[in-house]
Amino acid sequence: MSDLIEGGAPAPAPAPRRDFIRELVADDVATGRFGRAPATRFPPEPNGFLHLGHAKSICLNFGIAQEFGGTCNLRFDDTNPATEDVRYVEAIKRDVQWLGFRWDGEFYASDYFERLYAIAEQLVTDGKAYVDDQDEEAIRTNRGTVTSPGTPSPWRDRSVAENLELLRRMRAGEFPDGSRVLRARIDMAHPNMVMRDPLLLRIRHAHHYRRGNDWCVYPLYDFAHGLSDAFEGITRSLCTLEFKDAKDIYDWLVEAAGFERPPVQVEFARLELDYTVLSKRKLLRLVEEGHVAGWDDPRMPTIAGLRRRGVRPEAIRAFAEVIGVARKDARVEIATFEHAVRDDLNMEVPRRLCVLNPLKVVLTNYPEGEVEWLDAPSYPHDVPKTGSRPMPFARELWVDRDDFMEEPAKKFHRLAPGREVRLRFGYLITCQEVVKDAEGRVVELRCTYDPATKSGQAPDGRKVPGTIHWVSAAHALDVEVRLVDRLFAQPDPDDVPEGQDFLSALNPASLVMIPHAKAEPSLAEDPVGSRYQFERTGYFYAEPEGSVGGKRVYNRIVGMRDSWAKEVRKG
RNA sequence: UGCCCCUUAGCUCAACUGGCAGAGCGUCUGACUCUGGAUCAGAAGGUUCCUGGUUCGAUCCCAGGAGGGGCAACCA
């Protein structure tokens, strides 16, 4: 991974947008419900990289803290030694910072193990928890089903003294993994399945990335999460809809532990985005099975991947803003994300010319060996930025193969035999002759230029319908371009036939390498990490890994909005 | 003995405690007239799932129905 850290500029407080959560928080402030400033937290488990779905949550939690003068903690929910790693906590911290947010407190659930254990003892003493000797299988079957009640464990009515002794011996490491668990004593017939005596502590003689081997009774999510919120004085604990049912146990625990004005969980819809997957489990598979080059592969919807691809944090924040937050599952179109990315880049980045699929053009009436340096503005008239660069113009040029049609379709305004077209920032040229090789493939266009049309304006006022990009063949930079596209070929990658999984929906053309694109020479001096619009083709990012074999590499961040493709579709 | 959530423009989604239903994308039209595959402006587009009730007034509250989703990991 590159060491280049850009972004990270503090996120400006966005215009207050009123979603139902902000309404609740505003109400908390007005009524003094919690007797303290709004406090939120972002609670990732360090078992993978953050993705766009987390970005939504980050913008929400940190955004609320900013807007209401409250605080937002970063808390690692690291209660499962099997899957977690420091490498992930480092990546997470970096990503949150890059997005432009600063946390107030940095906490780890693993630092709360002792405190949670003390509460466990208290619950036992209060008769609200017991040690269960059933094995995993028995616990599962005895939980019942959604339509039938569970059956109580034979160990459910042990004495407090016996429970306490067993719990202490569990902690002391006297029992093997899986032999016993601590359970809350609630109701084995509860209509909400999570309330059927939920598990609190399980035995794991495992190495934890922060605790080493010093701990062996690991809390489960339900036990750790709400209480961790309470320890930190969180007011609103924001989580996604699938935790809705967990709210009952959350409330039961903070109440049983005796917290005054405890945090209140509020659920919102997780983000689903077309043509990609937003699940750490699935992203992990893509990485581990080598379908992508890593967590930061530019095709990945991870923060690291988007950064590598060239997306700016401003665009991600703007995206989070437009999608909003609601209580209903929301599948967002990829066009909405791409629009946010273009919208951000449009006003920011300079324009350059780069020919992706080169076709030689020879200007037969242009003097051999002559070079003119044209002044090409870096920004269009409606972008309030100034600057320009010199562009060499000569007898031999490259234009894009797609900008020529031997038999032009209707509404095709570009080059064709006998057609005149404008070269951006340059002259009007007319195609006089098409040169083909033995296989009949077009290899060269012989054109004439009109010397009176320098800068693209015809003195006689004649209309030229098309403008195309070009670059001088003698001065062109040979660059590698990587066309990054959507990772999956269909909007919902999980919508596959029985017996197949999301991997069968991968887009085989998600990364198209163009090893020999031709770029204008001004690009030679620009630093790695620069962003451009290559006019008419898209937004590009100078690959932070640098050059490959001495050649510069550009990732396509996003293509231009494509109304020609639409025209083609219409026929 | 099941519990909980959701249904609003073509599409994807918003809409504080009941008071003229909004945005993006898409579509159409126009402008810039050197990105015509960019950008900008404007327009069209609604029986708020259905039935009934409460109310001066219902997308919102109540009852019933239809459809979609979440929950039965010693994951989070």
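In what follows, every chain begins at residue 1, and chains take the letters A, B, ... in the order their sequences are listed. Source: prediction; values computed, not measured.
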**Asked** Can you find an N or O donor on one side and an acceptor on the other, under 3.5 Å apart, linking the side chain of A/E23 with the base of B/rU17?
**Response**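 It does not, because no donor-acceptor pair links the side chain of A/E23 to the base of B/rU17 below 3.5 Å.
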**Request:** Kindly say whether, by distance alone, the side chain of A/R331 makes a donor-acceptor pair under 3.5 Å with the base of B/rU12?
**Result:**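 By the distance-only test, no, there is no pair.
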Between atom [atom1] in [X] and atom [atom2] in [N], what is the gap in whole Å?
| X | N | atom1 | atom2 | answer |
| --- | --- | --- | --- | --- |
| A/I323 | B/rC11 | CD1 | P | 20 Å |
| A/L241 | B/rC6 | CG | P | 8 Å |
| A/L483 | B/rG37 | CG | C1' | 15 Å |
| A/M195 | B/rC71 | CE | P | 18 Å |
| A/F337 | B/rC25 | CZ | P | 15 Å |
| A/R342 | B/rU35 | CZ | C1' | 14 Å |
| A/Y275 | B/rC25 | OH | C1' | 13 Å |
| A/H339 | B/rG26 | NE2 | C1' | 12 Å |

Base-pairing assignment for [N] (Watson-Crick or G-U wobble, both under 3.5 Å):
| N | value |
| --- | --- |
| B/rU12 | B/rA23 |
| B/rG30 | B/rC40 |
| B/rC3 | B/rG70 |
| B/rU55 | none |
| B/rA76 | none |
| B/rG64 | B/rC50 |

**Asked** What nucleotide, of B/rC74, B/rU35, B/rA76, holds the atom closest to the side chain of A/V181?
**Response**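 Between B/rC74, B/rU35, B/rA76, the one nearest the side chain of A/V181 would be B/rC74.
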**Request:** Verify whether the ring centers belonging to A/F243 and A/Y250 lie closer than 6.0 Å.
**Result:**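 Not under 6.0 Å, so no.
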**Aromatic ring proximity A/F107/A/F231, centre distance under 6.0 Å** =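 No, they do not, as the ring centres are separated by 6.0 Å or more.
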**Request:** May I ask you to establish whether A/R211 and A/F113 are in a cation-pi arrangement, using a distance under 6.0 Å from NZ or CZ to the six-membered ring centre and at most 45° from the ring axis?
**Result:**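 That pair does not qualify as a cation-pi contact.
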**Euclidean distance for C1', B/rA76 against B/rU51 (whole angstrom)** =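 Rounded to whole Å, the distance is 42 Å.
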So, is [X] close to the [N] phosphate, meaning a side-chain N or O under 4.0 Å from OP1 or OP2?
| X | N | result |
| --- | --- | --- |
| A/K328 | B/rA14 | yes |
| A/R143 | B/rC74 | yes |
| A/R536 | B/rG36 | yes |
| A/R422 | B/rU35 | no |
| A/T467 | B/rG36 | yes |
| A/R204 | B/rC74 | no |
| A/T145 | B/rG2 | no |
| A/R202 | B/rC75 | yes |

**Prompt:** Starting at the 5' end of RNA chain B, which residue's closest nucleotide do you reach first, A/V332 or A/Y379?
**Reply:**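 It is A/V332 whose nearest nucleotide is closer to the 5' end.
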**Message:** Under 4.0 Å between a side-chain nitrogen and a carboxylate oxygen: does that hold for A/D400 and A/R536?
**Reply:**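 Answer for the salt bridge query: no.
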**Request:** Could you tell me whether A/D494 and A/K282 make a salt bridge, using a distance below 4.0 angstrom between a side-chain N and a carboxylate O?
**Result:**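 Looking at A/D494 and A/K282, the cut-off is met.
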**Message:** If you count every heavy atom of other residues, nucleotides or ligands that lies below 6.0 Å from A/W155 atom CH2, does the total exceed 12?
**Reply:**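 Not more than 12 within 6.0 Å, no.
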